[in-house]
2 protein chains.
Amino acid sequence: MMEGGRSVEINQLVEERLDVDDERLNRVFSALADPTRRDLVARLATRDATVGELAAPYDISLQAVSKHLKVLEDSGLVTRSREAQRRPVHLEAEVFDLMTKWIERYRQEAEARYRRLDALLDELAEQEDPAGQTTAPPLRDEDAS
Amino acid sequence: MMEGGRSVEINQLVEERLDVDDERLNRVFSALADPTRRDLVARLATRDATVGELAAPYDISLQAVSKHLKVLEDSGLVTRSREAQRRPVHLEAEVFDLMTKWIERYRQEAEARYRRLDALLDELAEQEDPAGQTTAPPLRDEDAS
DNA sequence: ATCATTGTCAACCGTCCGGTTGAATATCCT
DNA sequence: AGGATATTCAACCGGACGGTTGACAATGAT
């Protein structure tokens with residue numbers, strides 16, 4: 001099917017793009033897996049801040065916070081400008097979309113499945129138990145919850 | 001302010017609840033930080049499956065997949081029933097909500113901030129530069145972007 | 001009873017991760 | 001030039017993580 005060479009190229013491109021997204025998802029999810037980094041993001045949502053300001057509330061070293069910010073930056077959740085010696089940190093809201101899209105996709109698939117299952121069960125109940133009597137159900141052992 | 005003892009209790013309860021959510025977020029985010037586990041979730045979105053079925057496509061050991069499923073189970077993303085020797089795995093879509101709620105909260109805060117900034121810039125541009133001439137802006141050094 | 005099937009448990013290994021401390025860099029101030 | 005401020009770089013440490021292999025447990029089939 002199709003002319004070969006071209007479709008291979010396309011497949012490579014598609015795979016590459018998926019890998020890129022995969023890598024970004026790896027980084028974003030694992031960036032937010034740390035409570036300190038989630039707190040940094042939360043605080044950056046209301047205003048930009050310098051490393052020193054961000055580090056103040058925590059009782060870990062400033063260097064540790066700097067590392068956390070590096071992780072957030074590599075994940076794309078945050079960017080840094082330059083202002084004298086300071087390097088103000090800025091939250092990039094767009095990256096959230098990558099995650100929410102991934103999450104929503106599979107959540108919706110799963111929910112659609114549950115709705116189908118519910119519909120099926122309703123249908124069975126109606127056609128085999130229309131009055132509500134307790135007849136032996138036509139289920140094998142393995143189907144019990 | 002307030003009667004003391006009671007508010008301390010309440011604060012403890014609130015803190016505890018936040019800690020619990022925090023712990024769950026840690027687990028859910030780090031569960032999804034691994035590409036194999038994300039793939040497992042993706043496949044479970046369409047149908048339940050056994051460990052063996054789930055492990056087949058990957059070239060890692062069955063035990064490794066079993067471990068991955070344990071992580072997903074501990075995060076609450078997945079539950080397991082029992083069916084003879086098999087232990088079918090089932091995706092629990094509700095847990096996604098915890099993540100999406102967290103994400104959406106800060107994304108929206110950040111976006112609201114950008115909108116306010118845009119509005120402010122528009123306002124400044126209008127009142128100080130109505131015809132388009134380039135006057136010196138009333139900004140101190142630190143306010144430069 | 002025995003055997004096959006399905007999955008988990010346990011111990012081990014190399015790598016990554018979050019933290020530390022100490023030195024280096026960059027910029028401002030005087 | 002010299003010092004103060006803000007941040008990063010580099011080396012190190014202990015613990016968690018993803019993977020392996022080998023033994024064990026539970027259930028179904030003969």
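Lettering of chains follows the sequences in order, A, B, ..., and the numbering in each one begins at 1.
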| task | Give A:Thr50 one of three labels, base, sugar-phosphate or nothing, depending on what nucleic acid heavy atoms sit under 4.0 Å from its own. | result | sugar-phosphate

| said: From CG of B:Leu62 over to P of C:dT6, roughly how many Å is that when rounded to an integer? | reply: 10 Å

| remark: Atom CZ of A:Arg87 and atom C1' of C:dT27 are separated, to the nearest Å, by 9 Å

| task | Using whole Å, report how far CG of A:Asp59 lies from P of C:dG19. | result | 10 Å

| said: Considering every strand and a 4.0 Å limit on heavy-atom distances, what is the contact class for B:Lys70: base, sugar-phosphate, or nothing? | reply: nothing

| request: Let me know the distance between CD of A:Glu83 and C1' of C:dC28, rounded to the nearest Å. | output: 12 Å

| task | Please report, rounded to the nearest Å, how far the P atom of C:dG18 is from the CG atom of A:Asp39. | result | 15 Å

| query | Side chain of A:Gln63: nearest nucleotide among C:dG18, C:dA26, C:dT21? | reply | C:dT21

| Do you know which two heavy atoms are closest between A:Asn26 and B:Asp34, and how far apart they sit? | OD1-C, 4.4 Å

| said: Using a strict threshold of under 4.0 Å (side-chain N to carboxylate O), is an ion pair present between B:Arg87 and B:Glu83? | reply: no

| query | Among C:dG7, C:dT27, C:dT21, which is the nearest nucleotide to the side chain of A:Ser61? | reply | C:dT21

| Are B:His68 and B:Tyr58 close enough that their ring centres sit under 6.0 Å apart? | no

| request: Heavy atoms of chain A, cut-off under 4.0 Å: which first and last nucleotide of DNA chain D, 5' to 3', fall inside that, if you could look? | output: D:dT5 to D:dA11

| said: Mind checking if A:Ala64 touches a base, just sugar-phosphate, or nothing, with heavy atoms under 4.0 Å? | reply: base

| message | Let me spell it out: for each of A:Ala84 and B:Ser66, pick the nucleotide of DNA chain C with the closest heavy atom. Which residue's pick is nearer the 5' end? | response | B:Ser66

| Integer-rounded Å distance: C:dG18 P and A:Tyr58 OH | 14 Å

| said: If I take atom NZ in residue A:Lys67 and atom C1' in nucleotide C:dC17, what distance separates them, rounded to the nearest angstrom? | reply: 8 Å

| message | Please report the distance, rounded to the nearest Å, between CG in B:Leu54 and P in C:dT6. | response | 14 Å

| task | On the 0 to 90° scale, with breaks at 30° and 60°, tag the B:Phe29-A:Phe29 ring pair as parallel, tilted or perpendicular. | result | tilted

| said: Can you identify which nucleotide, out of C:dG19, C:dT27, C:dT6, has its nearest atom closest to the A:Gln85 side chain? | reply: C:dT27

